[in-house]
Student: 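Pasting a structure here, questions to come.
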Amino acid sequence: MTEVNTPPRPGGWTRFVTARPRLALLAALVLTVLAVLAGSGVADRMGSGGWEDPDAESSYATRALEREFPDSQPNLLLLVDAGDASVDDPAVAAEAGRLAERLAGERGVTGVGSYWQSRSPALRAEDGHEALIAARITGDETAMNRTLERIAPSFRGEHGVVEVGVGGPVAVRHEMQTIIQEDLLRAEMIALPVTLVLLVMVFGSAVAALLPLGIGIVAILGTNAVLRGLTEVTDVSVFAMNLTTALGLGLAIDYALFIVRRFREELSTGADPLTAVGTTLRTAGRTVLFSALTVAVSLAAMLVFPQYFLRSFAYAGIAVVLLAAAAALILLPAALVLLGHRVDSLDLRRLFRRGRPARPAAEEGAVWGRAATLVMRRAPFFALGTTAVLVLLGLPFLGVKFGTADDRQLPSGAESRVVQQHIRDGFPGSPGGGLEVLAEGRATRAQYAAYKERVAALPEVVRVDGPVVKGDTAYFTVLPRGEAVDDPAQRLVGDLRAVDAPFDTAVTGAAAVLVDSKAAIGERLPAAAAFIVIVTLFLVFLLTGSVLIPVQAVALNALSLTAMFGAVVWVFQDGHLSGPLGFTSPGSIETTLPVLMFCVAFGLSMDYGVFLLSRIKEEYDHGGDHEQAVRHGLRRTGGLITAAAVILAVVMVAIGTSRVTNTKMLGLGIALAVLMDAMIVRSLLVPSVMRLTGRATWWAPGPLRRFHERFGLSEGESARGPGGPGPDAGAGRADGPAAGDSTAAGEAAGDGAAREKAEARG
């Protein structure tokens with residue numbers, strides 16, 4: 001009796017996403033248009049700060065001083081340049097007085113003071129040709145930006161015998177925000193066409209190439225709408241928009257590449273489009289869902305930290321990851337059902353083949369298969385050699401110095417940076433970086449005087465001004481030697497906090513904010529790292545059912561980031577390549593950047609790791625041959641992972657063309673990490689380590705093995721049955737063996753034992 005093979009009916013998830021594909025795509029179009037409307041103007045509502053801990057002593061002191069002594073916290077500085085004349089010249093003094101008077105009359109401005117009023121040496125340049133007018137713009141960041149935009153054009157430039165430049169923290173933040181928006185638009189204009197060209201090269205078909213790009217655009221626009229909503233209830237950093245663009249394109253392309261590649265594989269076996277979509281969702285769809293969870297976990301760890309700069313990247317990252325995965329698992333299958341075999345339309349590679357036949361599907365990835373064989377044959381050499389090289393590349397990070405973001409993040413010609421550089425180079429002490437000591441509690445003049453003497457005696461103090469008293473509250477201004485946030489200034493913060501006083505004191509200022517930010521990160525870093533490690537171990541166990549593989553995955557992922565961290569210090573802290581890359585090194589790394597880069601790069605590394613491990617696991621479940629599973633997994637995913645990494649690196653390099661140093665560091669650093677992970681770790685370290693651990697790689701104790709059999713998640717179904725929850729997870733139970741099983745088995749049979757032996761011989 002002849003057995004008739006009938007294609008499995010679509011499972012529940014496939015039925016849901018493909019029942020009315022045109023309606024699904026129309027609904028997505030409507031939602032995307034609404035997202036565009038909802039997300040418009042989001043950048044204008046974002047902040048450009050967020051590096052401080054809002055619960056720290058310095059933040060408390062800043063809020064108290066703003067409330068009780070608003071004049072003590074100037075955030076706007078007008079640099080008055082008298083040219084060849086002296087700032088004490090009567091004509092110069094008269095013009096400066098008119099400027100100060102006009103500034104004091106502006107709405108939203110308070111606490112206007114100047115050298116010509118106070119005669120403070122700190123407000124006069126040492127050469128006598130420049131002096132400062134200081135003021136405070138009130139309100140939140142949005143209100144301050146609007147006030148600055150309104151008043152700055154009427155103050156900058158020539159005024160009689162003087163020329164005025166606009167600087168101060170509020171001007172630096174505003175200019176940084178403006179430049180980031182301009183650079184992001186330029187990065188998108190660079191990344192989109194280059195990405196499209198690369199996708200056409202990967203897929204061949206122009207139709208297939210447009211699908212990942214569409215998914216990425218949907219994810220980016222949706223995330224902008226989410227961020228716009230979040231700005232109504234919390235602070236969000238404008239820097240997060242860079243991550244939205246990078247991850248929106250990068251992950252959407254990763255997920256769409258994986259799904260479209262599997263869909264085309266199924267079509268090549270003779271499956272109809274609906275059956276191919278069902279099999280794709282049961283296999284690649286599960287992997288995409290799993291990958292999105294691992295990336296989201298890494299990004300969610302930044303919610304542990306109090307700085308809204310880091311939390312903003314968690315908001316943006318989680319939103320864009322989930323939206324990219326949702327679009328890839330809902331919209332993309334609907335589009336594939338409608339396209340069917342037309343997904344291969346407009347094969348542009350035929351223009352370059354000149355009549356030569358296309359490479360047979362069976363030969364795709366053969367180079368990666370031979371590479372895996374070579375690596376496993378020399379496993380100790382590749383494992384030890386690759387590890388040694390990665391550790392060596394990471395050694396510069398041992399000399400890292402943490403600092404804070406300042407005007408030197410901006411390009412050298414930016415007005416606010418020019419003003420701040422003049423102040424840094426030409427003024428005594430640090431007029432823009434003094435420390436304020438808040439004193440709360442009733443005290444006598446004698447007690448204030450005695451405290452002032454003790455502070456003035458500290459070795460790093462240039463001068464102490466004050467106290468300025470209001471009721472039971474007062475404050476002192478302490479000018480440190482050298483830079484505002486260098487090591488002596490940070491030590492002075494600790495010394496000030498240790499000075500005995502008959503009243504409660506709290507220290508703030510740039511150096512105090514840095515000290516408190518470093519303390520907050522150091523205190524919460526173990527919890528964030530533990531969260532990432534524990535959840536990642538659990539998720540990878542659900543994927544593989546192994547105890548050893550999750551440990552390997554976490555260790556190798558962390559090792560893959562060493563080159564990134566070493567390069568960050570060697571290039572951006574030590575200043576190597578600063579000329580070609582167009583930035584000025586401040587001699588330190590902003591405190592939150594390594595945390596951000598670790599979370600993003602670790603998540604992306606896990607993304608590629610999941611793609612590889614899922615295919616290895618699928619093959620191992622089918623055949624039980626460990627080395628063959630590793631070889632097959634790398635053969636089927638090596639080219640895909642490399643292509644995805646190159647495309648994501650292009651996006652990150654486009655982000656890295658920014659004129660703001662932190663954004664440049666983020667883009668170029670993560671691009672390097674992604675390429676190192678895909679081309680070195682996944683190609684050399686993973687197969688060599690898995691060869692050394694052998695079949696023990698898949699071991700798990702009995703209780704955990706039974707747990708995995710019940711709840712595990714994997715790409716495809718093994719001989720034991722379906723892997724677990726995910727898109728169409730139950731389809732295998734209802735419909736019999738998945739088409740993905742027959743496909744993989746067919747591949748193995750089609751290639752034959754002779755092909756595997758030939759591969760083993762290289």
Side-chain angles (χ1 to χ4, degrees), residues 202 258 261-262 265 268 287 359-390 543-544 546 548-549 552-553 555-557 559-560 605 608-646 675-699 714-716 718 743-762:
V202 172
F258 208 59
R261 172 73 172 270
R262 190 63 182 245
E265 285 182 21
S268 69
T287 303
R359 177 182 296 180
E363 294 184 10
E364 290 187 9
V367 172
W368 291 99
R370 290 193 293 270
T373 300
L374 173 64
V375 169
M376 288 190 289
R377 184 184 301 153
R378 301 287 186 268
F381 170 78
F382 282 103
L384 294 176
T386 305
T387 301
V389 170
L390 291 174
L543 175 69
T544 63
S546 161
L548 186 58
I549 288 179
Q552 288 180 355
L556 298 187
N557 269 20
L559 190 60
S560 72
S605 296
Y608 299 134
V610 166
F611 289 167
L612 176 58
L613 290 174
S614 64
R615 205 63 188 253
I616 293 175
K617 169 66 173 173
E618 180 184 4
E619 177 66 16
Y620 182 75
D621 285 345
H622 290 160
D625 186 322
H626 173 67
E627 291 190 29
Q628 166 62 14
V630 175
R631 183 183 302 110
H632 179 86
L634 191 60
R635 178 181 172 215
R636 301 304 297 172
T637 63
L640 186 68
I641 290 173
T642 301
V646 169
L675 292 176
M676 291 294 293
D677 180 78
M679 296 182 176
I680 303 299
V681 174
R682 303 297 153 203
S683 303
L684 302 179
L685 202 52
V686 169
S688 60
V689 170
M690 293 189 79
R691 169 63 179 83
L692 292 175
T693 53
R695 291 183 62 86
T697 302
W698 305 99
W699 177 84
S714 62
E715 181 178 327
S718 68
T743 300
E747 286 176 353
D751 291 345
R755 172 175 293 280
E756 296 302 332
K757 291 179 180 178
E759 274 190 5
R761 291 193 299 269

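Keep in mind the model is a prediction, meaning the values are calculated, not measured.
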Student: So, for A372 and L634, which heavy atoms are closest and what is the spacing to 0.1 Å?
Tutor: CB-CD2, 3.5 Å
Student: Of all heavy-atom pairs between V681 and P687, which one has the smallest distance, and what is that distance?
Tutor: O-CD, 4.3 Å
Student: Quick check: closest heavy atoms across A383 and L685, and the distance to 0.1 Å?
Tutor: O-CD1, 3.6 Å
Student: Between CD1 of I680 and CG of L556, what distance do you get to the nearest 0.5 Å?
Tutor: 13.0 Å
Student: Measuring only between side-chain heavy atoms, which start at C-beta, is D677 closer than 4.5 Å to R682?
Tutor: yes
Student: Please find the pair of heavy atoms, one from A696 and one from L548, that lie closest to each other, and give the distance.
Tutor: O-CD2, 4.2 Å
Student: Under the salt bridge (charged side-chain N to carboxylate O under 4.0 Å, His left out) rule, what do E619 and R615 come out as? Steps first, then yes or no, please.
Tutor: CA-CA 6 Å; E619 177 66 16; R615 205 63 188 253; over 6 Å; no
Student: Ignoring hydrogens and geometry, is there a side-chain-to-backbone donor-acceptor pair from T693 to M690 under 3.5 Å?
Tutor: yes
Student: Between the main-chain N or O of T697 and the side-chain N or O of S546, is there a donor-acceptor pair closer than 3.5 Å?
Tutor: yes
Student: Decide yes or no for I641 and M679: does some side-chain heavy atom of the first lie under 4.5 Å from some side-chain heavy atom of the second?
Tutor: no
Student: A side-chain contact here means heavy atoms from C-beta on lying under 4.5 Å apart; do M676 and L390 qualify?
Tutor: yes
Student: Quick check: does any side chain N or O of S683 sit under 3.5 Å from a backbone N or O of A678, one acting as donor and the other as acceptor?
Tutor: yes
Student: How far apart are the closest heavy atoms of W698 and H626, and which atoms are they?
Tutor: NE1-ND1, 2.8 Å
Student: Quick one: CG on L640 to OH on Y608, what's the gap to the nearest 0.5 Å?
Tutor: 9.5 Å
Student: NE2 of H622 to NZ of K617: how many Å apart, nearest 0.5 Å?
Tutor: 10.5 Å
Student: So, taking the atom named CG in L692 and the one named CD in Q552, what distance separates them when rounded to the nearest 0.5 Å?
Tutor: 9.0 Å
Student: About how many Å separate OG1 of T287 and CG of L543, when rounded to the nearest 0.5 Å?
Tutor: 7.0 Å
Student: What is the distance from atom OG1 of T373 to atom CD of Q628, rounded to the nearest 0.5 Å?
Tutor: 8.5 Å
Student: Looking only at heavy atoms, which two atoms of T637 and F611 are closest? And how far apart?
Tutor: CG2-O, 3.7 Å
Student: For the backbone of W368 and the side chain of R631, can you confirm whether one donor and one acceptor N or O come within less than 3.5 Å of each other?
Tutor: no
